[in-house]
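Structure first, commentary second.
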Protein chains: 4
Amino acid sequence: MAEAPRVAAKRGRPPKSQSQLRTQRPGTQRAAAKEATRLKLIEATIDSIARSGFADTTLAKVSEGAGLSRGIVNFHFTSKDALLVETLTHLADEYTGFWRAAVAEAGADPAARLTAIVDAEFHPTVCNRKKIAVWYAFWGEARSRPTYLAVCERQDSEHLEAIRAICRELVETGGYADIDAEDAANGLMALADGLWLDQLLTPAHFDRAAARRVCLLFLAGVFPRHFTAKRGAASAA
Amino acid sequence: MAEAPRVAAKRGRPPKSQSQLRTQRPGTQRAAAKEATRLKLIEATIDSIARSGFADTTLAKVSEGAGLSRGIVNFHFTSKDALLVETLTHLADEYTGFWRAAVAEAGADPAARLTAIVDAEFHPTVCNRKKIAVWYAFWGEARSRPTYLAVCERQDSEHLEAIRAICRELVETGGYADIDAEDAANGLMALADGLWLDQLLTPAHFDRAAARRVCLLFLAGVFPRHFTAKRGAASAA
Amino acid sequence: MAEAPRVAAKRGRPPKSQSQLRTQRPGTQRAAAKEATRLKLIEATIDSIARSGFADTTLAKVSEGAGLSRGIVNFHFTSKDALLVETLTHLADEYTGFWRAAVAEAGADPAARLTAIVDAEFHPTVCNRKKIAVWYAFWGEARSRPTYLAVCERQDSEHLEAIRAICRELVETGGYADIDAEDAANGLMALADGLWLDQLLTPAHFDRAAARRVCLLFLAGVFPRHFTAKRGAASAA
Amino acid sequence: MAEAPRVAAKRGRPPKSQSQLRTQRPGTQRAAAKEATRLKLIEATIDSIARSGFADTTLAKVSEGAGLSRGIVNFHFTSKDALLVETLTHLADEYTGFWRAAVAEAGADPAARLTAIVDAEFHPTVCNRKKIAVWYAFWGEARSRPTYLAVCERQDSEHLEAIRAICRELVETGGYADIDAEDAANGLMALADGLWLDQLLTPAHFDRAAARRVCLLFLAGVFPRHFTAKRGAASAA
DNA sequence: CATGAATGAGTCTTCATTCAT
DNA sequence: AATGAATGAAGACTCATTCAT
């Protein structure tokens, strides 16, 4: 499977490598330090949400978790809300970057691409209890916060569109005229999200291989000539 | 499909009809009024979580939503946390009661029972944006609140076990020796939970019939002789 | 020493004996029941203050302690404040009645009367940790509550005046021309109050006999021909 | 008599003079300001308890009295309870520091030392209606608050032990074989506490000189060759 | 006479945010 | 760029009091 692929650059502020930084004109180094602090805060936020939940995530906990002082968040993010939005964006960017890279590495074969997506979905980099807890925390608040909803929607629709395109290709080139590619795509995505919930609520019961197997069970049912549910492995027909 | 079935009685305090109340011994009427107030508060809590989210659900909003005074929640539930737990329990009881009734009405045929479960899952009584928002709000906090987790887990495992039993029956009596009933059950549940997320995040895009169709697409793939994905209808072979 | 003497009648509502009550005209019996409830509430108040302190004495605790319902106090006493004042008055009346009875029983000899007062002061009926805690609780609030202050003052000055009168008699008839009776009386009262504090703060260290001995040490110093500090016993010269 | 002696430094954070502050390393000045704020709050608490009583001392009153904002107490003391405990500790430290300094200044003579203690007891610095009201407020709550009790007990037993030691010395070196030094010490302390109560309850009637006279009346009775009650003055024999 | 559900003012406490250093 | 003391608005909770039954 794909190694953890690089995360997509964040909103026009592409992360620069250390070596690059040192050769920049003065002032850029300082900017990099600032960026590093921002990142530390975002990561501390993720940790806090995962550990304490959304409701008990305070700026005090975040700044303490980042090993910094109280007022720091307002300094770097203007407001708590902005920090939260940036955290969600960060998470979404990471996730999107991850599956995009996986798909890119999978080559041209649609079945292989779909398999890559399934594998990415349950890869420890994005599918671990901490991150899933944070995703669910944001989803839990999404209904009442249009900004969150927008970020989730954008990332979701992009993901769905990618899957749908592959499904369409399979339907057309694989001779599945009776299959609705839209339904298939919806199904696969829903399956993945629902299996994440298992990891959140019953981590003891969840297992990565089983989750993958269930997805392939679905795909084997829909695209029987391209997937098989046997022995937990995918195979192009 | 099943009409909204009656919710299981909560903790031994079955709601009594008005006519019954008047003929009871004195004191019972008062107790019933108290219970009615409790219920009003729970419903106001659900409304508030759905509308304002978990974080912005304050006791002031809840009591105002219930048309009652400020201190009322602490009077009936001791603490905000207790109210929240009882709200989740209420939700879980309602949900469990709902699908149980649906299954009971479906008769003995396993395919019909499974279809009933799928239908119940997306019935407007339990599957509407308000309730789903509340479910996701609780799931979002579950990781950091063992009490929520316990309630979710209990309800979840009961639901899963019911589905698993039906799948097992299908596997054994339907001649699906190569199918893992456990995987099938996990898949169906995950699918349902994931499709709920669609309704939460992209309500415009969600549609009940499509959700049902996707589930049947899965079931048709797994149990092809008992389900067919055609025209969005289930049919026993 | 004097047996616990009867408590002085309370402000125009003299307690009636049970037998008396039954022979009264109808309606009086009901009044007696009401009076009994009042008393139960006052006693529950004393218990609560002793156990939970002034700050944590709530009407809920009081009514529960009395085995009655929530609203009962406002029914019988109009307000919490009134209950508290009546409790203090009750305490003061009991205390005053107690030492008055003790003095009355002591006869005419001034030394014997003074001894009786000292003995009464440390008699378990009035000098036990519960009641002392309540006295100190009221004293602690007295400064800021003129009503409490007034009740305390009235009782205090009466007590002091009684002691002063005896001291004066001793000075005049006992040949203690160089002794200021006022100072002697003040000293004895202060001594008693201060020794009560010992029982409150260091109950393990406090002992009734020692307290009595200390008072007699004082009296023996002031009126050497009438009191002796030896062996913890008072004796008229 | 001793001039108001300096209070013992509190918990290793000795107050620094302004001039010192400016020359310290950065950060210390800030810490000093913080300490000053703490002290202001403690003093505002004492004022409030004295004026409004324990029950009506709210954090709003305290912070207003200190000229600071609402949330300030929780910032500096975590909780109201902690503030109260620190206030009591402050009071106890001040009191202990005061009499200790007085005794130290009195020299070696036991009678002079005892006189110094009596004088300190009624010195306006510690014996004024405000502070006594606060002491009684804490004593009133002590029964039900082990923490208060512990602080009171510690300070009390230290004070008592000091007095007892002096009494013992007097007994042994002064030839008072028939006097129980323990009783004498208990008596003197109780007398002082009881006389404080007079100032609390009947301030009009209380007078410092008389209080002192009463104590000497006691001491003259117990140690006649070292104290005389005449003319309200103490004198070594 | 008594009950206990309901009220709502008042408190403590939390916490995002500000700002002098 | 970072700190952390201070602010003050907002929220949970308590509890005396009321009143229909």
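Note that the structure is a prediction, hence the values are computed from the model and not measured. First the proteins, then the strands, lettered A, B, ... as listed; each starts at 1.
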Item to check | Residues which pass side chain to side chain contact (heavy atoms under 4.5 Å, CB included) with B:Ser69, listed by chain and number, not counting sequence neighbours | outcome: B:Ile72
Checklist entry - Under the side chain to side chain contact (heavy atoms under 4.5 Å, CB included) test, which residues partner A:Thr147, sequence neighbours left out? => result A:Val85
Next on the checklist: Output the rounded distance in Å from NZ (C:Lys40) to C1' (E:dA2).
Outcome noted: 12 Å
Item to check | C:Thr45 OG1 to C:Leu91 CG distance, which is reported to the nearest 0.5 Å | outcome: 11.0 Å
Checklist entry - Which residue pairs pass the ring-ring contact (aromatic ring centres under 6.0 Å, His included) test when at least one of the two sits in residues 39-89 of chain C, sequence neighbours left out? => result C:Phe54-C:Phe138
Checklist entry - Between OG1 of A:Thr89 and CD1 of A:Ile42, what distance do you get to the nearest 0.5 Å? => result 8.0 Å
Next on the checklist: I'd like to know if the side chain of C:Thr78 reaches the main chain of C:Asn74, judged simply by a donor and an acceptor atom lying under 3.5 Å from each other, with no hydrogens or angles considered.
Outcome noted: no
Next on the checklist: If you compare all heavy atoms of D:Leu41 against all heavy atoms of D:Ser63, which two are closest, and at what distance to 0.1 Å?
Outcome noted: CD2-CA, 4.5 Å
Next on the checklist: Quick check on contacts: within residues 69-76 of chain D, what sits under 4.0 Å from DNA chain E by heavy-atom distance?
Outcome noted: D:Gly71, D:Asn74
Next on the checklist: Does anything in residues 69-82 of chain B form a salt bridge (charged side-chain N to carboxylate O under 4.0 Å, His left out)? List the pairs, not counting sequence neighbours.
Outcome noted: B:Asp81-B:Arg145
Item to check | Watson-Crick or G-U pairs under 3.5 Å in DNA chain F, rendered as dot-bracket with [ ] for crossing pairs and | for another strand | outcome: .||||||||||||||||||||
Item to check | Pairs where residues 46-56 of chain B contributes a residue and the test salt bridge (charged side-chain N to carboxylate O under 4.0 Å, His left out) is met, not counting sequence neighbours | outcome: B:Asp47-B:Lys130
Item to check | D:Tyr148 backbone acceptor or donor facing D:Glu141 side chain under 3.5 Å | outcome: no
Checklist entry - When you measure from every atom of DNA chain F, which of residues 43-58 of chain B have a heavy atom less than 4.0 Å away? => result B:Thr57, B:Thr58
Checklist outcome for this item: DNA chain F nearest-nucleotide lookup for C:Ala60 and D:Thr37: closer to the 5′ end is D:Thr37
Next on the checklist: Whole angstroms only, please: what is the CG-P distance between D:Asp81 and E:dC12?
Outcome noted: 11 Å
Next on the checklist: Under a 4.0 Å threshold between the charged nitrogen and the carboxylate oxygen, would A:Glu43 count as salt-bridged to A:Lys40?
Outcome noted: no
Next on the checklist: For B:Glu64, is there an ion pair with B:Lys61 - N to carboxylate O distance below 4.0 angstrom?
Outcome noted: no
Item to check | Contact interval (first through last nucleotide) of DNA chain F with protein chain A, 4.0 Å heavy-atom | outcome: F:dA1 to F:dG4
Next on the checklist: I'd like to check the side chain to side chain contact (heavy atoms under 4.5 Å, CB included) partners of A:Thr57; sequence neighbours left out, ordered by chain and number.
Outcome noted: A:Ser48, A:Ile49, A:Val62
